[in-house]
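Note on naming: letters A, B, ... go to the chains in the order of the sequence lines (proteins, then strands), and numbering restarts at 1 for each one.
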Protein chains: 4
Amino acid sequence: MTDDIARKLKAAAARLFTQHGYTATRVADIVANAGVAQGTFYLHFENKPSLFVALIDEFFAGLIEETIARHPAKRLQTGEQLSAEVEEIWMTIIRYGRKHDILTRLVLREGHALPPEQRAHINRHFEQGADALARYLEDAQQLGLVKNLPARLIAWVLVGMIERAMHYAVFVAPNAPSVSLAGHCTEFELLGLLEPSDARTGGES
Amino acid sequence: MTDDIARKLKAAAARLFTQHGYTATRVADIVANAGVAQGTFYLHFENKPSLFVALIDEFFAGLIEETIARHPAKRLQTGEQLSAEVEEIWMTIIRYGRKHDILTRLVLREGHALPPEQRAHINRHFEQGADALARYLEDAQQLGLVKNLPARLIAWVLVGMIERAMHYAVFVAPNAPSVSLAGHCTEFELLGLLEPSDARTGGES
Amino acid sequence: MTDDIARKLKAAAARLFTQHGYTATRVADIVANAGVAQGTFYLHFENKPSLFVALIDEFFAGLIEETIARHPAKRLQTGEQLSAEVEEIWMTIIRYGRKHDILTRLVLREGHALPPEQRAHINRHFEQGADALARYLEDAQQLGLVKNLPARLIAWVLVGMIERAMHYAVFVAPNAPSVSLAGHCTEFELLGLLEPSDARTGGES
Amino acid sequence: MTDDIARKLKAAAARLFTQHGYTATRVADIVANAGVAQGTFYLHFENKPSLFVALIDEFFAGLIEETIARHPAKRLQTGEQLSAEVEEIWMTIIRYGRKHDILTRLVLREGHALPPEQRAHINRHFEQGADALARYLEDAQQLGLVKNLPARLIAWVLVGMIERAMHYAVFVAPNAPSVSLAGHCTEFELLGLLEPSDARTGGES
DNA sequence: GATGAATGAGCTTTCATTCAT
DNA sequence: AATGAATGAAAGCTCATTCAT
């Protein structure tokens, strides 16, 4: 029962934050949408920002669990294995975003509309994501699978790619097949944009 | 005189928004920092969000002008020319971000802390940026310089790369040489991450 | 069992009211301190103010019983008897205050922090005290033991003396011997402050 | 104009605090009574308790100024002079209370219905009053005019007398002539209650 | 009798905006 | 144009009280 109320509050909040923005959403709106009394809110969450933080944490926990946590690079031996894994990760990300579209919109769009304290909390998630990506890259670099570009820079750039790729997959082209989106992202990430010309040995056929 | 006040207000606002966030910054703080009276604010800006929008517009106008506006792909003939141009664009972006670091932080971090109406305005800037990039890509594709990946997807992904690359260049590693950052971004963008090996038959089928 | 809970609630409330003030003490604090559930409170007291009133009533009942109720002036015949009795009353008051220091603090300091209705209830206690004192004085006046000052005025002034003497004895100088405090108060009350000099006809030598 | 508003707010607050109690009086009531907007309140006072404190301070400042500050005991030589001065002080106190009846009621009845922080502030006023009285007594004792009773105890008891004498003069018997009230209080304070009889050997040894 | 989750009215304070000077 | 005192709507949070179990 109790957990049920917390869930209803979170669902209502996610919807409203996404629709009208974090600031414009009043606690009164959330509880009205969840069908409970104003005071009940404070039985389940310390205050408004902490509910937001709970939502964000949920999103990142799920995303991390389904992606990077499952793919330690160590075992990879060939570029093909890497390619396959990267594509699988892209797939997972896109599907996760589409499955949790409201939370996704929340993280991508509302993440910054918070009091500084809570914002710092969210930034930590992004930093952890960047860290994980950097470690993944360094592993792959040591295996000779990936170029020696500075790992942290690339990690942050990848974070940006992921943010906007999710944005595209979820909101701009919600009907494009995940497989093809993941394929394109993978190709871009691993091989770049340049058309392989005669100057480049063979490239992809 | 009038312009001077508007400038002072904008400078103060940019500083304060960046430091404490858009919501936490009161008009009273802005005018105090600018050294004018409360009422004077409304002689120069319609209201608080519109000052924010003015700052954002300024940032994008400058960025667009210094980058894409100057680089119509049409004239390019070879991949090498494209590479040179892309690198130059990366350089410009990084330098622009570093030169206008406060506005950059503002756009990257505060862009969403606005009432829906003004937020839509900002999103339009991003969409315009994505459009411009998409057109640029399509031009390059028609010239056979760039692979036939879906231009809008790639454009959005590039937007994400740029956002986070600026973030990295301005805040994470503000002292890294622009040249090398631009070089790395260019290499990643055009050639991808995969180490070109003899085994390289394709990152993606 | 029931009485036990009521007692625990009263003890906890007295402690908390004294420490943090009536308004700042929440029913939640009281029940937590008493080790019972929130709802249990309302099985024993009608509401928060009525618990306060119960505490106050207890204090006054005890005080009245131990002092004035035992000392009808009628039987007195001489000034010496009166002096002895007055001193005994002062002793009793001081000891009572020191024995029930928490309740004393409560009455002296928190008595007014109540909704008007309950406050009136408390004022009635003070008025009854003043009435009892006035009657006592009038009796003593009729016996020719006490000057013909207006009894009600003096009664109120004595109430004030008692309040602050308790305050002094309990909080300002909790270790001063009751006997000497009672003696000083008695001397002041009966003989006043003025040093009996030759200028006074017949004073005490 | 500004001062005028502060004055109106203070007057309204004193009236309402006195009538309905500090806690029960909302800022909304105060501003409504003063005829200004809600926000205006916070232009003139930091918050609700600080307005209360301002009222209290005003009361004590005026009272101190008109009484003790004007009567250094040093110059007194005889008991008669002391009697005259004490009576004059009682007169002043009674008149002050009657002139500022609302503030008087406020101090006597609402002084404790405050958050602990502000309450401490008020207690300091009482302590200062007791200190001043104690010094006055000690001076008079050194001149041999007053008995050697412990000065601090007597000072506190006098504080109590004053509180209740004001209470009596202002609320219980507002029409009794000040002169006679002051006379009675003086006689009580200086000579005590005991009828000076031939039997008078002393209330206390 | 006892519980404690749920209630919802209530209140202080903030702050963008206005307008008489 | 510039001022800044005044405005008043808005919202987060508290807490005494209730009631189904």
- For Asp29(B) and dA16(E), give me the distance from atom CG to atom P, rounded to whole Å. 8 Å
- Task: Please check the phosphate of dA5(E) (OP1 and OP2 only) for any side-chain N or O of His44(A) closer than 4.0 Å.
- Result: no
- Message: Determine whether a donor-acceptor pair (N or O, by modelled atom type, separation under 3.5 Å) exists between the side chain of Thr25(A) and the backbone of Leu16(A).
- Response: yes
Hey, can you pull the donor-acceptor pairs under 3.5 Å for the side chains in residues 29-43 of chain D, sequence neighbours left out?
from, atom 1, to, atom 2, distance (Å)
Asp29(D), OD1, Arg26(D), NH2, 2.9
Asp29(D), OD2, Arg26(D), N, 3.0
Asp29(D), OD2, Arg26(D), NE, 3.4
Asn33(D), OD1, Arg15(D), NH1, 3.1
Asn33(D), ND2, Asp29(D), O, 3.4
Thr40(D), OG1, Ala37(D), O, 3.4

- Task: Identify, between Val27(C) and Pro49(A), the residue whose nearest nucleotide on DNA chain F lies closer to the 5' end.
- Result: Pro49(A)
- Here the distance between atom P of dT14(F) and atom NZ of Lys48(A), to the nearest Å, is 15 Å
- Tell me: CD1 of Ile30(A) to P of dT7(E), nearest whole Å? 15 Å
- Message: side-chain contact (heavy atoms from CB on, under 4.5 Å), that's the test. Do Arg105(C) and Phe17(C) meet it? Break it down for me.
- Response: CA-CA 9 Å; Arg105(C) 183 168 247 143; Phe17(C) 287 158; over 6 Å; no
- Figure out the CZ/C1' separation between Phe45(C) and dA16(F), and round it to whole Å. 16 Å
- Any side-chain heavy atom of Phe45(D) within less than 4.5 Å of one from Leu9(D)? yes
- Note on the structure: Applying side-chain contact (heavy atoms from CB on, under 4.5 Å) to His121(C) and not counting sequence neighbours gives Val53(C), Asp57(C), Arg124(C), His125(C)
- Item | Stepwise side-chain contact (heavy atoms from CB on, under 4.5 Å) check, Glu163(D) with Phe126(D) | CA-CA 10 Å; Glu163(D) 286 175 293; Phe126(D) 280 101; 3.4 Å; yes
- Query: Paired stems touching DNA chain E, three or more consecutive Watson-Crick or G-U pairs with both distances under 3.5 Å?
  - Reply: E:2-21 with F:2-21
- Residues that Arg119(B) engages under salt bridge (Lys or Arg N to Asp or Glu O under 4.0 Å), provided they are two or more places apart: Glu110(A)
- Task: Rounded off to whole Å, could you give me the CG-to-P distance for the Leu43(A) and dT7(E) pair?
- Result: 9 Å
- Query: Do Phe52(B) and Ile56(B) come within less than 4.5 Å of each other through their side chains, counting heavy atoms only?
  - Reply: yes
- Message: How many whole angstroms separate atom OH of Tyr42(D) from atom C1' of dT13(E)?
- Response: 5 Å
- Task: Kindly state which residues belonging to residues 31-41 of chain A come within less than 4.0 angstrom of DNA chain E, counting heavy atoms of the residue only, listed by number.
- Result: Val36(A), Ala37(A), Gln38(A), Gly39(A), Thr40(A)
- When rounded to whole Å, the CD1 to P distance for the pair Ile5(A) and dG8(E) reads 12 Å
- Residues at least two apart in sequence or cross-chain that pass side chain to side chain donor-acceptor pair (under 3.5 Å) with Glu58(A), listed by chain then number, are Lys10(A)
- Asn47(D) CG to dC11(E) C1', straight-line distance once rounded to whole Å: 13 Å
